[in-house]
Amino acid sequence: MNVVKTYRFRTTLIFFLFCLLYGTIIVKLYLIQVKYHDFYTTLGQKQYNITLTQYPPRAPIYDRNGNLLALNKETISAFILPKSLESAAPLKAFLKKYFSHAYERLQENNQSYFMYIKRRLSDEHIKLIQESGLTDIKFLKEPSRYYPIPSAAQTVGITDIDNQGLFGIELQNNSLLAGTPSTYTLEKDARSGHFYFQKETKVQGSVGQPVTVTLDSDLQFIVDEELKEIISKHNAKEGSAIVINPTTGEILAMTNYPSFDPNATENLSDLEITKNKIITEVHELGSVIKTFAALSALEAGVVTLDELIDCENKKTTYFEHRKINTVAQSVAGIIPFVDVVVKSNNIGIAKVAKRLGPSLYDYYHRLGFGTKTGIAFPGEQKGFLNHPDNWSKQSLISLSYGYEVSLSLLQLARAFSIIANDGFDVQPYLFLNAPTENKKAKRLFKQSSICAIKEILKKRHKQTEDYILMSKTGTANVLVNGIYNPNLNIFTCAGIIEKGSYKRVIVVFINEVPQKNVYAATIAAPLLERIAKKLLIHDKCI
Amino acid sequence: MLKRSNFIAIFIGTHLVLLFLYIYQYSRYIKLTYTIQENEQTKLELMHKKQELVNQLYIAQDHGKVKQFALKNLKLEPIKLHQIKRLKIDECSKNL
């Protein structure tokens with residue numbers, strides 16, 4: 001009996017123990033599956049589901065011939081995980097010695113999860129870190145840009161450390177080049193590194209679109225070399241050159257000096273040299289503007305090419321109580337109007353401009369002075385053209401020979417392009433697939449006026465059978481603290497080269513040479529002629 | 001008519017086979033997904049290598065270096081305009 005009772009007790013006890021055990025399991029299951037269902041679902045998703053944002057590679061920039069002006073490259077950046085350093089002391093010693101900025105940041109933020117030591121490491125830095133043997137320093141690859149044509153740096157621009165455009169074309173077309181990122185949700189297990197089970201697209205981005213510009217990289221190099229040679233020869237402070245196809249408005253070459261290496265911007269301190277001064281700076285260009293005063297007078301019919309103008313045979317005169325100076329080389333007596341412009345006589349041109357009166361402003365405005373060209377490039381300046389309402393008694397005279405009007409070299413190139421394009425409007429542009437309005441271009445000047453002004457511009461050069469070269473030079477004093485400094489000059493030469501249907505407009509600009517008593521005819525004009533000849537060879541137009 | 005025991009055996013067996021096929025199909029799918037990802041990774045690495053080679057090509061084609069090589073190593077001189085003459089077809093055939 002006792003044995004049976006003990007047996008029953010044990011089985012009952014074991015039964016209740018198992019009931020308790022299974023009860024605990026059921027309760028736990030209830031808690032996990034029902035009561036805390038949301039919590040564990042979220043925890044599981046956090047562990048297995050990862051949201052990934054992928055940025056498309058930045059699209060390249062091409063020149064008109066398909067050569068790359070900007071392409072992608074990878075750079076190496078070094079980083080550490082401050083919260084999980086294995087050997088902090090040697091790391092800190094290393095950083096203190098070689099990367100002091102990173103060392104200071106580590107001292108301030110030693111509990112952060114992630115910290116860059118330096119981005120875009122040079123080869124020397126990479127070798128230094130590798131040889132240090134510090135396992136806490138890790139590398140990662142970041143996208144960057146490489147620019148094969150340094151002479152186009154101020155036009156193409158550069159990207160910042162996050163590969164976003166900073167200026168130039170890189171900035172102007174940043175959103176087009178960068179594309180938009182895509183966001184994915186990946187389902188991974190705890191052990192997989194790169195691999196996932198499932199990938200779901202949350203946000204579909206777009207790839208970057210390449211940009212093609214009108215520049216010719218070979219021509220860009222040629223023009224840049226010629227500019228550097230002349231600047232070096234005359235020890236000039238700075239210079240620029242631009243070449244345009246006046247029939248279409250395409251900018252074929254655009255270069256400035258001094259320039260910078262877009263592939264080595266770590267030590268770039270003077271941001272002034274990153275500007276594309278052809279577009280972003282304006283000047284009073286002096287005698288080169290006589291071209292347009294003459295064109296205006298011819299268009300208005302107030303003068304003819306062979307009309308004799310009294311230039312009074314002196315350097316200084318008073319015309320309607322206003323003093324007019326002209327340089328010694330341009331002093332002349334009674335000469336045909338064509339020679340007034342060729343000799344660049346200020347007295348003669350002022351007398352002719354007086355016949356125009358306030359309508360000179362309208363003609364200048366027609367040529368685009370005082371208004372932006374509308375080129376798709378950041379920082380374009382519109383220049384200044386004094387409205388007749390604000391004119392003083394000197395204004396008309398000053399305007400006739402290039403003062404009281406400031407324009408950029410691009411505006412000057414556009415104005416010359418109008419002459420080269422037989423009086424039709426020209427819209428300069430940089431992007432090859434940009435819509436142009438030249439097909440429906442408006443006629444701004446009569447054919448007869450254009451032919452006449454071309455005759456004037458041709459006279460400066462001894463014409464050959466091979467091509468026709470027309471140009472006008474300008475030497476202007478620089479305004480310093482409100483006063484024109486006769487010892488500081490800018491030298492401009494703008495010209496047109498033609499051979500049959502082939503036409504190009506070239507504008508060159510040199511700023512401040514140390515030599516005294518020099519003029520654009522000896523500094524800027526030879527540069528234009530050299531570029532013109534190189535153009536003909538490059539374009540196979542002989 | 002099947003016996004009851006046979007029916008149960010066939011029923012369970014069929015379901016086991018279907019279960020096996022499902023697991024097999026899913027594991028094949030995972031394998032193929034892995035293969036795709038491996039290939040994508042390889043493609044990415046090859047594109048990076050291609051980019052590096054393109055960069056090196058452009059460095060080698062640098063205008064300044066080419067000009068210096070032509071002037072110094074090959075002793076070439078820049079061509080002048082008067083050195084170029086365009087020959088007409090008649091002249092070419094006469095010379096031949």
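Below, chains carry the letters A, B, ... as their sequence lines are ordered, and counting in each starts from 1.
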Practice problem: Please look at A:Y147 and chain B and tell me whether the side chain, the backbone, both or neither of the residue comes under 4.5 angstrom of a heavy atom of that chain. | Solution: neither

Quiz item: Where on B:E40 is there a heavy atom nearer than 4.5 Å to chain A: the side chain, the backbone, both, or neither?
Solution: side chain

Self-check item: Residue among B:L81, B:I79, B:V54 with most heavy-atom pairs under 4.5 Å to chain A
Solution: B:L81

Quiz item: For B:K80, is it the side chain, the backbone, both, or neither that has a heavy atom closer than 4.5 Å to a heavy atom of chain A?
Solution: backbone

Quiz item: Around atom NZ of A:K202, are there more than 12 heavy atoms of other residues, nucleotides or ligands at under 6.0 Å?
Solution: no

Practice problem: Looking only at non-hydrogen atoms, find the nearest pair between A:L68 and B:Y58 and report the distance. | Solution: N-OH, 3.1 Å

Exercise. Output the distance between atom NZ (B:K49) and atom CD (A:E74), rounded to the nearest 0.5 Å.
Key: 12.0 Å

Quiz item: Around atom OH of A:Y55, are there more than 12 heavy atoms of other residues, nucleotides or ligands at under 6.0 Å?
Solution: no

Exercise. Considering only heavy atoms and a distance below 4.5 Å, find which of B:H48, B:E38, B:M47 pairs most often with chain A.
Key: B:H48

Quiz item: What residue in A:L536, A:D218, A:I149 has the most heavy-atom pairs under 4.5 Å with chain B?
Solution: A:D218

Quiz prompt | B:E77 CD: over 12 foreign heavy atoms closer than 6.0 Å | solution = no

Quiz item: Which answer fits B:Q61, side chain, backbone, both or neither, if we ask what part of it has an atom under 4.5 Å from a heavy atom of chain A?
Solution: neither

Exercise. Please round to the nearest 0.5 Å and tell me the distance separating atom CD1 of B:I36 and atom NZ of A:K199.
Key: 10.5 Å

Quiz prompt | Stepwise side chain to side chain contact (heavy atoms under 4.5 Å, CB included) test for B:K67 and A:E225 | solution = CA-CA 11 Å; B:K67 184 179 174 182; A:E225 289 283 290; 2.8 Å; yes

Quiz item: Counting a contact as any heavy-atom pair under 4.5 Å apart, which residues of residues 21-33 of chain B contact chain A?
Solution: B:Y29, B:I30, B:T33

Practice problem: Report, as yes or no, whether the 6.0 Å neighbourhood of atom OH on A:Y257 holds more than 12 heavy atoms from other residues, nucleotides or ligands. | Solution: no

Quiz item: Say you draw a straight line from NE2 of B:H63 to OG of A:S217; how long is it, rounded to the nearest 0.5 Å?
Solution: 5.0 Å

Practice problem: Would you indicate whether A:K533, at its atom NZ, is surrounded by more than 12 heavy atoms from other residues, nucleotides or ligands within a distance under 6.0 Å? | Solution: no

Practice problem: Look at the side chain of B:E52 and the backbone N and O of A:K73, then say whether any donor-acceptor pair between them is shorter than 3.5 Å. | Solution: no

Practice problem: Supply the atom-to-atom distance A:Y146 OH to B:I59 CD1, rounded to the nearest 0.5 angstrom. | Solution: 4.0 Å

Exercise. Test B:N55 against A:N72 for side chain to side chain contact (heavy atoms under 4.5 Å, CB included), laying out the working first.
Key: CA-CA 8 Å; B:N55 290 356; A:N72 292 325; over 6 Å; no

Exercise. Select one option (side chain, backbone, both, neither) describing which atoms of B:D62 are under 4.5 Å from chain A's heavy atoms.
Key: side chain

